[in-house]
Asks: 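Quick one: structure below, then a few questions.
Positions are given from 1 along the sequence. The model shown is predicted, which means the values in this text are computed figures rather than measured ones.
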Amino acid sequence: MEKKRYWPFLLVLPLIAAAAAGWFLLPDQLIMQIGMDGGPGTIMPKLFGLLIPPAVGLIGAGFASSQEQEKHPAGFITLAVAAAIIGFTFFMNL
């Protein structure tokens, strides 16, 4: 029986740090999607917009630390998606 791995949860720490920095750097309303016309599609309050990437990252870390070997790649892909979400959020709102 394989031991559960906890180190993938360390990969969530940069997401949390980026969300904390975003609290001070980003505007109160965040653009989260771009519409077909190139304008803002979905706008969210800062609190909810900044909580999405760490939440997605925690889900990915949970999959990546699973005892089931086939869930590990999905977990790391989910962590990468969380990093892309926070990067896009900063790119669109700074």
Side-chain angles (χ1 to χ4, degrees):
M1 178 179 234
E2 182 184 343
K3 284 179 33 177
K4 188 165 178 157
R5 305 174 323 166
Y6 292 103
W7 66 265
F9 287 99
L10 294 176
L11 299 175
V12 178
L13 293 177
L15 297 172
I16 294 170
W23 183 259
F24 298 105
L25 297 174
L26 297 177
D28 290 335
Q29 297 290 321
L30 300 177
I31 299 169
M32 298 303 287
Q33 288 182 335
I34 300 172
M36 293 297 285
D37 61 353
T42 302
I43 298 175
M44 294 183 118
K46 185 187 327 190
L47 177 64
F48 295 117
L50 290 176
L51 287 178
I52 290 172
V56 171
L58 283 172
I59 291 169
F63 282 140
S65 66
S66 171
Q67 291 182 357
E68 298 175 35
Q69 188 73 21
E70 62 272 1
K71 286 188 177 181
H72 295 174
F76 289 113
I77 291 170
T78 306
L79 279 163
V81 167
I85 292 170
I86 197 81
F88 178 79
T89 302
F90 272 84
F91 177 74
M92 289 303 300
N93 291 287
L94 278 180

Asks: Applying salt bridge (Lys or Arg N to Asp or Glu O under 4.0 Å) as the test, list every pair that has at least one member in residues 34-52; sequence neighbours left out.
Replies: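 For residues 34-52, and leaving out neighbouring residues, the salt bridge (Lys or Arg N to Asp or Glu O under 4.0 Å) pairs sorted by first residue read Asp28-Lys46.
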Asks: Given a cutoff of under 4.5 Å between side-chain heavy atoms of I, L, V, M, F, W and Y, with clusters grown through shared members, what are the other residues clustered with Phe63?
Replies: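 Under the 4.5 Å side-chain rule, Phe63 groups with Ile59.
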Asks: Minimum heavy-atom separation for Val12 and Pro54, please, with both atom names.
Replies: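 Of all heavy-atom pairs spanning Val12 and Pro54, the closest is CG1-O, 4.2 Å.
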Asks: Got a list of side-chain donor-acceptor pairs under 3.5 Å for residues 73-84, not counting sequence neighbours?
Replies:
{"from": "Thr78", "atom 1": "OG1", "to": "Ala74", "atom 2": "O", "distance (Å)": "2.7"}

Asks: Would you please test Met32 and Thr89 for side-chain contact (heavy atoms from CB on, under 4.5 Å) and show each step?
Replies: CA-CA 6 Å; Met32 298 303 287; Thr89 302; 3.8 Å; yes
Asks: Once side-chain contact (heavy atoms from CB on, under 4.5 Å) is applied, do any residues pair with Pro27, and if so which ones, sequence neighbours excluded?
Replies: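 Applying side-chain contact (heavy atoms from CB on, under 4.5 Å) to Pro27 gives Leu30, Asn93.
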Asks: Just do the side-chain contact (heavy atoms from CB on, under 4.5 Å) check on Ile34 and Phe88 with the steps written out, would you?
Replies: CA-CA 10 Å; Ile34 300 172; Phe88 178 79; 3.8 Å; yes
Asks: My understanding is that only residues two or more places apart in sequence, or in another chain, count here; which of them pass side chain to side chain donor-acceptor pair (under 3.5 Å) with Gln33?
Replies: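 For Gln33, the residues satisfying side chain to side chain donor-acceptor pair (under 3.5 Å) (neighbours in sequence not counted) are Thr42.
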Asks: Hey, can you pull the donor-acceptor pairs under 3.5 Å for the side chains in residues 13-23, sequence neighbours left out?
Replies:
none

Asks: Main chain of Ser66, side chain of His72: is a donor-acceptor contact present, judged purely on distance under 3.5 Å?
Replies: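 It does hold such a pair.
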Asks: Under the salt bridge (Lys or Arg N to Asp or Glu O under 4.0 Å) definition, can you give me all pairs with a residue in residues 11-24, not counting sequence neighbours?
Replies: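 Listed by first then second residue: nothing to list.
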Asks: Roughly how far, to the nearest 0.5 Å, is CG of Leu50 from CZ of Phe90?
Replies: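 That separation rounds to 6.5 Å.
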Asks: Filter on salt bridge (Lys or Arg N to Asp or Glu O under 4.0 Å), then keep only pairs touching residues 58-67, sequence neighbours left out; what's left?
Replies: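 Sorted pair list comes back empty.
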Asks: So, using side-chain contact (heavy atoms from CB on, under 4.5 Å) as the criterion, who are the partners of Leu51 when residues are at least two apart?
Replies: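 side-chain contact (heavy atoms from CB on, under 4.5 Å) check on Leu51 returns Leu47.
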Asks: Is there a side-chain contact (heavy atoms from CB on, under 4.5 Å) between Met44 and Ile31 once you walk through the steps?
Replies: CA-CA 7 Å; Met44 294 183 118; Ile31 299 169; over 6 Å; no
Asks: According to a hydrophobic-cluster definition based on side-chain heavy atoms being under 4.5 Å apart (Ile, Leu, Val, Met, Phe, Trp, Tyr only), do Phe91 and Ile52 belong together?
Replies: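 No, Phe91 and Ile52 fall in different hydrophobic clusters.
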Asks: With sequence neighbours left out, which residue pairs that include part of residues 47-63 fulfil the salt bridge (Lys or Arg N to Asp or Glu O under 4.0 Å) condition?
Replies: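 Those involving residues 47-63 do not exist here.
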